[in-house]
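Read through the structure below, which is laid out as structure tokens, and then see the notes.
Computed over heavy atoms, backbone and side chain alike; hydrogens, waters and symmetry mates excluded. Each chain gets a letter, A, B and so on, in the order its sequence line appears, and its residues count up from 1.
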Amino acid sequence: MNLFVDTICQLTRDALHRLDSERVWATSEIQGLIEQPPDADMGDFALPCFSFSKKLQRSPKQIAEELQNLLVQEDPQEQAFDAQKRLPFSRIQAFGPYLNFFLHAEILARELLPSIFNNPFSKGLISLGRGKDRSEKNRQKVMIEFSQPNTHKGFHVGHLRNAALGDSLCRIHRFNGYEVVGANYFGDVGTHIAKCLWYYLNHCKDSPPEELRGEWLGELYTQSVHLLETLEGEEAQKAQAEISSLLRKMEEKDPELSKVWDETRQWSMDDFEEIYRWLDIRFDHYFYESDVDEEGRQMVLQGEMDGTFILSEGAIGIDLEEENLGFFMLLKSDGNTLYSTKDLALARRKFDQFSIDRSVYVVGAEQTLHFKQVFATLKRLGYAQAEHCYHLPYALVMLPSGKMSSRAGNVILFSEMRKKMREFILQGQLAEQSLEWGTTEVEETAHRIALAAIKYGMLSQDPNKPIVFSMEDWLVSEGDTGTYLVYAYVRIRSIGRQVALEVSDQIDFALLEHPNEKLLMRRMLDFERIVWKSGEQFKPSLLARYLYELCRDFSKAYGTCSVKHAESESLQAARLLLFHCVAEVLKTGLGLLGITPPERM
RNA sequence: GCGCCCGUAGCUCAACUGGAUAGAGCAACUGACUUCUAAUCAGUAGGUUACACGUUCAAGUCGUGUCGGGCGCGCCA
């Protein structure tokens, strides 16, 4: 709630009461109805009157008009701003079935700008129109599990979507007042590793490279799959037996195999650590499949003894027909664990060891059924926490040719993308700067621009729509891109360097009367509400879109409302504060997407 | 065969969860750089929201059906 929405609610509640004294409308009810007109010419806030129609026995159009008359009548001075009463509207007018409110630009400026200037968002002190009170959820502790890469496989651009999404959700939830545990879950055991090691030990003639050894293992995995496909008859059976035996040894922590496993696994972990550092993504806790597989097996065996699970064709599983979820496999017939086996133990640990209220899994949409089955199984086992598990699905990153697959080897590796982007930025966008700036700043700036482009690209689209990846598109830096957003930020910072004034909130707020300036302020009023919604709906795309629109509004104002060339110094000071606030909102918002803008570019 | 997700401008996507004239960006065309960074801005053009019924004051949004695409449906993760 903010002053403006607050006042609208109170005014209309009182006015409605006078139209019909029987029905008492709560301000919260009215608040839920308030929306924004499609066009700034039509006002800043709108109250649709459809829902009053039934009770009042009149058309919404008529109600809007009556409300307008009541509100304007009540205060004849109101059409002109009344400084005494501080009514924050310059106009209240019915447009068909809507009652529209025009904010008084000066009051908007006076309410908004000092609030942003004095209370950094990081402290969460300001409230500019949050849709919902957060105190209720204040202390909730939520675990967000994301990224979960497999060791012995290359990290490709598909993994980037998950990482960006999970990281952003952690940041947004923290901003919204939740206590967040960001968790990673490494796939460091399983068939794919057995296949990789089988090839590494028996067929690989090369020695590992100096760098990116984890990625190299991924290549071996792909080659292993290819080789296995060419084998036939006895050879194929022999290979299968060898792989199965490797897998068993791995799960039994066989000392000899463990040496190789440990070493190669570390190669991948080293790669990941470097990638996360570059991506500016941190985790609060790490889980490993190798750490929960035995516990999972015990849970399944126990469940089988209890009769919750059943033996079927040599394997163990659970019949979930009642929940309409079919049969769910929990342990292979050779006794080895499955993904599902480990997920049971993992879920239990999350609740037992972290006393979380909610457990979120950021995992691809193709596993929706799997998680329904996991949660249903946990419930059957008597874990009430299953109710608080939530699978957040997202659609895949596809190639124009189709699905990306490490198995098939048709992936765009992250390292490859990073390299191309760096070269592209250094040779194109930063070519001139490279001549003047130190190498460190050039590299760091290129890094930040690349990161903005990648993360914005991954986050700006609704999570459940697939992204078709083509390298060319991702090098574009015009229009609706991450580059556009950080460029806007840099231009604001540049203003500060061009003007001799210090930013201050001791300004004449009445001077900010240009429509483009008002547009910007109206936009900033929505910031916290949008962040709240992005978190609750698990959609950073809402925030991304908002920031893009904020930057568009800024670019518009930038062209029409120059600071440097303003007519007076007081106008300079006013605009400087305005743009400074835009930069603050933008920086905060980008931070929630995991993006740090450069100060110049 | 069954289940989930999706279908909006030539292309990539929005549309505040049922509200006002469906909006942006690419691509195309026209303008604006001796003026705070033109990685920008202003403008023109582009639509039967896949299709058909239905629900109501109101449907891109909800329901049913059809078509088209993606992903799942016991020894991968």
Side-chain angles (χ1 to χ4, degrees), chain A residues 33-39 42 46 48 50 53-54 59-61 95-98 100 131 148 150 153 187 190-192 195 289 312-317 324-334 336 338-340 342-343 363-370 372-373 393 395-396 398 402-403 406-407 428-429 432-433 449 460-462 464-468 470 473 476-481 483-484 486-488 490-499 526 529-530 533 537 541-542 545-546 548-549 551-552 554-566 572 575-576 579 600-601:
Chain A
L33 296 172
I34 293 174
E35 26 182 281
Q36 186 168 4
D39 193 324
M42 302 169 76
F50 305 100
S53 190
K54 196 170 274 179
S59 76
K61 188 169 181 290
F95 280 74
Y98 294 86
N100 290 6
Q148 49 280 86
N150 286 323
K153 274 190 188 177
T191 312
H192 75 278
K195 285 181 182 172
E289 286 191 16
S312 167
E313 296 171 30
I316 298 177
N324 213 6
L325 295 171
F327 182 79
F328 189 38
M329 273 270 289
L330 293 166
L331 201 64
K332 292 202 261 188
S333 51
D334 65 2
N336 287 329
L338 285 159
Y339 186 46
S340 53
K342 297 161 221 173
D343 259 337
V363 181
E366 68 277 10
Q367 292 186 42
T368 300
L369 176 61
H370 168 82
K372 279 185 185 168
Q373 291 171 326
L396 290 176
M398 313 271 293
K403 195 178 169 180
S406 301
R407 185 185 295 246
Q429 297 153 351
E432 283 177 37
Q433 289 86 334
I449 296 173
S460 60
Q461 193 158 152
D462 193 295
N464 55 16
K465 289 194 176 176
I467 292 177
V468 178
S470 91
D473 295 344
V476 166
S477 56
E478 294 168 25
D480 188 1
T481 62
T483 311
Y484 175 84
V486 293
Y487 179 66
V490 162
R491 292 214 288 179
I492 302 176
R493 288 305 185 217
S494 178
I495 294 172
R497 290 191 290 267
Q498 295 284 329
V499 180
D526 281 334
R529 188 177 58 86
I530 295 290
K533 200 169 144 185
Q537 295 188 10
S541 57
L542 300 177
R545 167 112 339 229
Y546 168 85
Y548 172 65
E549 284 165 354
C551 287
R552 273 223 328 262
F554 160 72
S555 295
K556 243 186 237 185
Y558 182 80
T560 55
C561 307
S562 174
V563 178
K564 195 177 178 182
H565 304 98
Q572 280 194 333
R575 287 180 173 167
L576 190 63
F579 288 135
R600 56 175 189 165
M601 61 193 268

Choose from [options] the nucleotide whose nearest atom is closest to any side-chain atom of [X].
X       : options                   : value
Y339(A) : rC36(B), rA77(B), rC75(B) : rA77(B)
Y487(A) : rU37(B), rC76(B), rG74(B) : rU37(B)
R491(A) : rU37(B), rC41(B), rC36(B) : rU37(B)
M42(A)  : rA20(B), rG72(B), rA77(B) : rA20(B)
Q498(A) : rC41(B), rC36(B), rA39(B) : rC36(B)
Y548(A) : rG25(B), rC5(B), rC36(B)  : rG25(B)
K533(A) : rA77(B), rA14(B), rC16(B) : rC16(B)

Partner nucleotide of [N] by Watson-Crick or wobble geometry (both distances under 3.5 Å):
N       : answer
rG23(B) : rC13(B)
rU40(B) : rA32(B)
rC53(B) : rG63(B)
rC2(B)  : rG72(B)

[atom1] gap between [N] and [M], integer Å:
N       : M       : atom1 : value
rA59(B) : rC2(B)  : P     : 32 Å
rC13(B) : rC75(B) : P     : 33 Å
rU48(B) : rU8(B)  : P     : 13 Å
rU34(B) : rA20(B) : P     : 43 Å
rG18(B) : rU64(B) : P     : 16 Å
rG60(B) : rC51(B) : P     : 11 Å
rA9(B)  : rA22(B) : C1'   : 11 Å
rU17(B) : rA77(B) : P     : 41 Å

Without hydrogens or angle criteria, can the side chains of [X] and [Y] be said to hold a donor-acceptor pair below 3.5 Å?
X       : Y       : result
T481(A) : Y548(A) : no
Q429(A) : S477(A) : yes
S470(A) : D473(A) : yes
Y339(A) : Q367(A) : yes

Smallest separation among heavy atoms of I492(A) and F579(A), with atom names: CG2-O, 3.2 Å
Minimum heavy-atom distance A488(A)-F554(A), with the two atoms named: O-CE2, 3.6 Å
Tell me what [X] touches on the nucleic acid: a base, only sugar-phosphate, or nothing, going by heavy atoms under 4.0 Å.
X       : answer
Q461(A) : sugar-phosphate
A395(A) : nothing
T368(A) : nothing
L338(A) : sugar-phosphate
Q537(A) : base
P37(A)  : base
S312(A) : base
G190(A) : sugar-phosphate
V490(A) : base
Y484(A) : sugar-phosphate
C561(A) : base
P466(A) : sugar-phosphate
F50(A)  : base
N150(A) : sugar-phosphate

Interatomic distance, [X] [atom1] vs [N] [atom2] [rounded to whole Å]:
X       : N       : atom1 : atom2 : value
L325(A) : rG3(B)  : CG    : P     : 14 Å
K332(A) : rC76(B) : NZ    : C1'   : 8 Å
D480(A) : rA39(B) : CG    : P     : 18 Å
D462(A) : rG7(B)  : CG    : P     : 9 Å
N464(A) : rG7(B)  : CG    : P     : 9 Å
I316(A) : rG74(B) : CD1   : P     : 18 Å
E366(A) : rC5(B)  : CD    : P     : 15 Å
I449(A) : rU37(B) : CD1   : P     : 16 Å

Enclosure of R407(A) CZ (heavy-atom neighbours >12, cutoff 6.0 Å): no
Within 6.0 Å of NZ in K332(A), more than 12 heavy atoms from elsewhere: yes
Test applied, side chain to side chain contact (heavy atoms under 4.5 Å, CB included); reference residue, P97(A); option that passes from S53(A), S59(A), P60(A), P48(A): P60(A)
Syn/anti state for rU17(B) [syn: chi within 90° of 0]: syn
Assigned glycosidic conformation for rC33(B) [threshold 90° from 0]: syn
Side-chain ion pair, D526(A) and R529(A), N-O less than 4.0 Å: yes
Between [X] and [N], is there a contact of a side-chain N or O with OP1 or OP2 at under 4.0 Å?
X       : N       : answer
K465(A) : rG7(B)  : yes
S494(A) : rC36(B) : no
K195(A) : rA77(B) : no
S562(A) : rU35(B) : no

Position toward the 5' end of RNA chain B (nearest nucleotide), H192(A) or A557(A): A557(A)
Heavy-atom donor-acceptor pair, S53(A) side-chain to rC57(B) base, under 3.5 Å: no
Distance-only donor-acceptor test (3.5 Å): side chain N100(A), base rA20(B): yes
